[in-house]
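Reviewing the structure listed below.
Here is the naming used below: chain letters follow the sequence lines, and residue numbers restart at 1 for every chain. Fair warning: this is a prediction, and the values are worked out from it, not measured in the lab. Only this structure's heavy atoms are used, side chains among them; waters, hydrogens and symmetry mates stay out.
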Amino acid sequence: MTTATVTPRGTPGKQAEKKPETKAGKKPGNQADKQAGKQAEKNAEPQFIPNIVVFACNWCSYAGADTAGVNRVQHSPNFRIIRTMCSGRVTPGFVLKALQLGADGVLVSGCHFGDCHYQFGNYRAVELFEKTKGLVRTLGLEEGRVRLEWVSAAEGSRWGEVINEFEGQIKALGPSPLNLHPKRSGQTA
Amino acid sequence: MSTKKEQLKKSRANWCLECGKCTAVRPISQANGTYSPRRLLAEGLFYGGEDLVSDSSLWSCLTCQLCSARCPADVKYSNYMRDVREDAYKLGIGGQPTHSGAMQAVWDIQASPTLLPNRTEWLEPDMKVQNKGDFVYFVGCLPFYEPLFGKDFDFSPLSIARDTVRILNRIGIEPVVMDTERCCGHDVYWLGQQDKFETLARLNIEQIKASGGKTVITACPECALALDHLYNKHIGPTGFQVKHIAEVVADNLDKLSFNGYQSEVTYQDPCRLGRFLGVYDQPRKVLEAIPGVTLREMQRIKAGAICCGTTNWTHCDATSKQIQKRRLTEARDTGADTMVTACPKCQIHFRCARCSPEGSTIDIKVTDFVNVVAQALGLSGADCRAGE
């Protein structure tokens, strides 16, 4: 502890040099400086907020998201849910269309095996998701941009975890290469 | 938007003799009696074409050119349909995509210039390819068909690509295979999406020029048509010639020694390769040169061949299935055990028809021309007899 407090004192010169500069730069009341500051903020790399599309099945995952809301589970708000009757309805076309229209990541979520409202819909979802992953890889996008998860209606906290984890994954991958168009990059700011 | 006058001039509709042959031969009309290209054209040009853009029959035209081949006045029905589709596209109207629009999204994503596709994963160590050279092998959509259709229809679309490279190597050609190749734009062109077609075409021409290619070889008739005719017509002289693999094999038959392939086959003329590009005899010449192969011809062949029932991944319905089943029955009735086609899409569509309850009773195998040639050469291609 003591050493930790001592070490910053070892470099007082640098701090002393810096401080006057920043003070002069942010003088209150100076209009030109304020504008320059704003410009600098604009020029700075905007924080990347991913656009995530979630296809959630009506019977488990959509209700799971609802449970997360009712239980006030804290999780990232940067996703948009599209409700489908079954995860087996989410064909490669849906996922690719979402990516084409500017999604940075797409999550498909359904019932656990054995819990499907239509008995075998989630097995179908697995088959379709394999196709999706193959297409995404061949297109030159990262496979991590798409993900298949199972969340039941009771698993509100798990919903929050899945969303946070997937957002972290997409943040690590960065914006989709299809989103590098100047028109679109403004949306991330 | 092109005016009615331009469309009339381009389609040559005023030369129509009202003989009705177009309706009689058209594959759709045979399965769906209410469909008449002549009536659609008359409706579009003379009785208010605004309705035609929202008419679903606009999208059921297969653009297979069979009607124009039979027309004594050379009326361009397919091209007229394409022009009206362009108008419809500008109004935001489109056809019903098949496979939930997966292929549509694949084209649209590929039109993004910032994307770097990853398309050469399928190459195997025994294949000799180059980064720069005179010959370019244009793969087309096969890497996308592999995940999308391979498992469902129990075949490997990429085996066509692998066998093509192996055959070219045997001939002595080491082709360039481009990792960042785009979709050829054939389908978007026929759906009237001119802007996307031009974007894709420019990206491809740029890459082929950068690779130094003078001859582009493809195993897909649609790619051949787009790269050859459509690029030259809509983008300007491309400076490279385009050949389908059947032409290349036919030209180099003396360099190949076949082991043999015991089968009675019938050959399905793909509409793009036959009526559009005029390649009828080369694939037949190659098949007849293979020892053990007996070629049995169907009733309707060459310029009169009927097509595989659906095109551009748009508007597949009961009519399409009917056309496919009729064609499969016709192929079986020749006594052949295998139907050989030179177009990957034909194979997908016929295999799909074979998966339906009625189609599964038609006992005939469907395979690609390239797979048969590779098999006969003893190259380690996919067993095209498998998966039945």
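Using a 4.5 Å cut-off between heavy atoms, A:T91 touches chain B through its side chain atoms alone. If you measure heavy-atom distances from B:D152 to chain A, the contacts under 4.5 Å come from the side chain alone. With a 4.5 Å cut-off on non-hydrogen atoms, B:L148 touches chain A through its backbone and its side chain both.
Interface check for chain A: of the options B:W122, B:F149, B:F144, the most heavy-atom pairs under 4.5 Å are formed by B:F144. Between chain B and the residues A:L96, A:L139, A:L141, the most heavy-atom pairs under 4.5 angstrom are made by A:L139. Note: A:T138 leads A:L128, A:T132, A:T138 in heavy-atom pairs under 4.5 Å with chain B.
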**OP:** Output, in order, the C-alpha distance, side-chain angles, deciding distance and verdict of side chain to side chain donor-acceptor pair (under 3.5 Å) for B:T367 and B:Q347.
**Re:** CA-CA 6 Å; B:T367 186; B:Q347 196 184 350; 4.7 Å; no

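At least one cation-pi condition fails for A:R147 and A:F166: the charged atom is not both under 6.0 angstrom from the six-membered ring centre and inside a 45 degree cone around its axis.
Taking 4.5 Å as the limit, some side-chain heavy atom of A:F48 sits within range of a side-chain heavy atom of A:D104. Counting heavy atoms from C-beta on, the side chains of A:K133 and A:L148 never come closer than 4.5 Å.
Salt bridge status for B:K90 with B:E86: present, with a side-chain N to carboxylate O gap under 4.0 Å.
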